[in-house]
Amino acid sequence: METGEHVLMAIHKTLTAQKRLAERALEQLDSADFHWTPDSESNSIAIIVKHVAGNMRSRWTDFLTSDGEKPDRNRDGEFIDDLGSAEQVLAVWEEGWERLFDTLATLTPEQLQRTVTVVGREHTVTEALLGQLGHYAQHVGQIVYLAKLRLGERWQTVSIPRRRA
């Protein structure tokens, strides 16, 4: 397997794992839990999901041919908790990931060194992919931690459990 092919497969595998990690946390929540915040300065899980999905729509639409920050994106609006039910939050979540994975499936190893623009700055496709991977991992960590805080003793670990004596 050539290096570029391996890079694309590794990125897909890592993004899939990140998505699944968050989903194992989300599955433990009820609708109200999606909107809980530990304090007035924190974002709810619903807001984080809305932001991630908005970012995914913007970044992965016409990925190779237009700036990753689309003119119709309302980033500030992503931080308004206006999604209702858990089903609405999860539908937005799925739409974002579907856009990402559909675009990722079209990329070829030869395109990894192409230049794309994100927020007016040029990056190689590889740099853009890795930047987004880091961004999504950060937010997945926030989702998992907020779910754990919210559920307390009811929390079921979503990764490797600690050794219990």
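When a residue number appears, it is its place in the shown sequence, counting from 1.
Between Arg57 and Asp72 there is a salt bridge, since at least one side-chain N of the basic residue sits less than 4.0 Å from a carboxylate O of the acidic one. Salt bridge absent: Arg114 and Glu122 never bring a charged side-chain N and a carboxylate O closer than 4.0 Å. Salt bridge status for Glu23 with Lys19: present, with a side-chain N to carboxylate O gap under 4.0 Å. Between Arg59 and Glu69 there is a salt bridge, since a side-chain N of the basic residue sits under 4.0 Å from a carboxylate O of the acidic one.
Within the 3.5 Å criterion, the main-chain N or O of Thr108 finds a donor-acceptor partner in the side chain of Gln111. A donor-acceptor distance shorter than 3.5 angstrom exists from the side chain of Ser31 to the backbone of Ala86, with no hydrogens or angles considered. Between the side chain of Asp102 and the backbone N or O of Arg99 there is no donor-acceptor pair closer than 3.5 Å. For the pair Ser42 (side chain) and Thr37 (backbone), a donor-acceptor distance under 3.5 Å is absent. Thr115 contributes no side-chain N or O that, together with a main-chain N or O of Thr124, makes up a donor-acceptor pair within less than 3.5 Å. Asp62 places no side-chain N or O within 3.5 Å of a backbone atom of Thr65 that could act as its donor or acceptor partner. With hydrogens and angles ignored, the 3.5 Å screen pairs a side-chain donor or acceptor of Gln28 with a backbone N or O of Gln156.
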Checklist line | Stepwise side chain to side chain contact (heavy atoms under 4.5 Å, CB included) check, Gln113 with Thr126 | finding: CA-CA 7 Å; Gln113 292 307 310; Thr126 301; 3.9 Å; yes
Item checked: Pair His135-Gln138, side chain to side chain donor-acceptor pair (under 3.5 Å): steps then yes or no -> CA-CA 5 Å; His135 183 224; Gln138 170 193 354; 5.2 Å; no
Item checked: Evaluation steps, side chain to side chain contact (heavy atoms under 4.5 Å, CB included), between Leu151 and Trp36 -> CA-CA 11 Å; Leu151 293 173; Trp36 174 83; over 6 Å; no
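Atom CG of residue Leu133 and atom CG of residue Leu130 lie 6.5 Å apart, to the nearest 0.5 angstrom. Within the model, atoms CG of Leu100 and NE2 of His12 stand 8.5 Å from one another, a figure rounded to the nearest 0.5 Å. The CZ atom of Arg20 lies 9.5 Å from the CG atom of Leu26; values are rounded to the nearest 0.5 Å. Interatomic distance, CG of Leu64 versus CG of Leu107, reported as 5.5 Å (0.5 Å rounding). Ile48 CD1 to Trp93 CH2: the interatomic distance, rounded to the nearest 0.5 Å, is 9.5 Å. For the atom pair CG of Asp82 and NE2 of His35, the computed distance is 9.5 Å after rounding to the nearest 0.5 Å.
Under a hydrophobic clustering in which Ile, Leu, Val, Met, Phe, Trp and Tyr are joined whenever their side-chain heavy atoms come within less than 4.5 Å, directly or via other members, Phe79 and Val89 fall into different clusters. Val140 is not connected to Ile47 by any chain of hydrophobic side-chain contacts under 4.5 Å among Ile, Leu, Val, Met, Phe, Trp and Tyr, and they are in different clusters. Cluster annotation: Tyr136 is not connected to Met9 through the hydrophobic network of ILVMFWY side chains, with a link wherever side-chain heavy atoms come within less than 4.5 Å. Follow the hydrophobic side-chain contacts under 4.5 Å out from Ile80 and you never reach Leu83; the two are in separate clusters.
Within 6.0 Å of CZ in Arg121 there are 12 or fewer heavy atoms belonging to other residues, nucleotides or ligands.
For Thr106 against Thr103, the heavy-atom pair with the smallest separation is OG1-O, 2.6 Å. In terms of heavy-atom proximity, Ala25 sits nearest to Val158 at N-CG1, 3.6 Å. Closest approach of Ser58 and Lys70 over heavy atoms only: O-NZ, 2.7 Å. Across all non-hydrogen atoms, the minimal contact from Lys50 to Glu78 is CD-O, 3.7 Å. Considering all non-hydrogen atoms of both residues, Leu146 and Pro38 come closest at CD2-CD, 3.6 Å. Contact detail for Glu41 and Asp39: the closest heavy-atom pair is N-OD1, 2.9 Å.
Inspection of the Gln132 and Asn55 side chains reveals an N or O donor paired with an N or O acceptor under 3.5 Å. Between Thr117 and Asp67, the side chains place no donor N or O within less than 3.5 Å of an acceptor N or O (distance only, hydrogens not considered).
Phe34 places none of its side-chain heavy atoms less than 4.5 Å from the side chain of Val49. In this structure, the side chains of Pro109 and Leu8 come closer than 4.5 Å at one or more pairs of heavy atoms. Under the 4.5 Å side-chain criterion, counting only non-hydrogen atoms from C-beta, Ile143 is not in contact with Leu21. Residues Leu149 and Trp155 have side chains not in contact (no heavy-atom distance under 4.5 Å, counting atoms from C-beta outward).
Ring planes of His139 and His51: perpendicular class, angle over 60° (limits at 30 and 60°).
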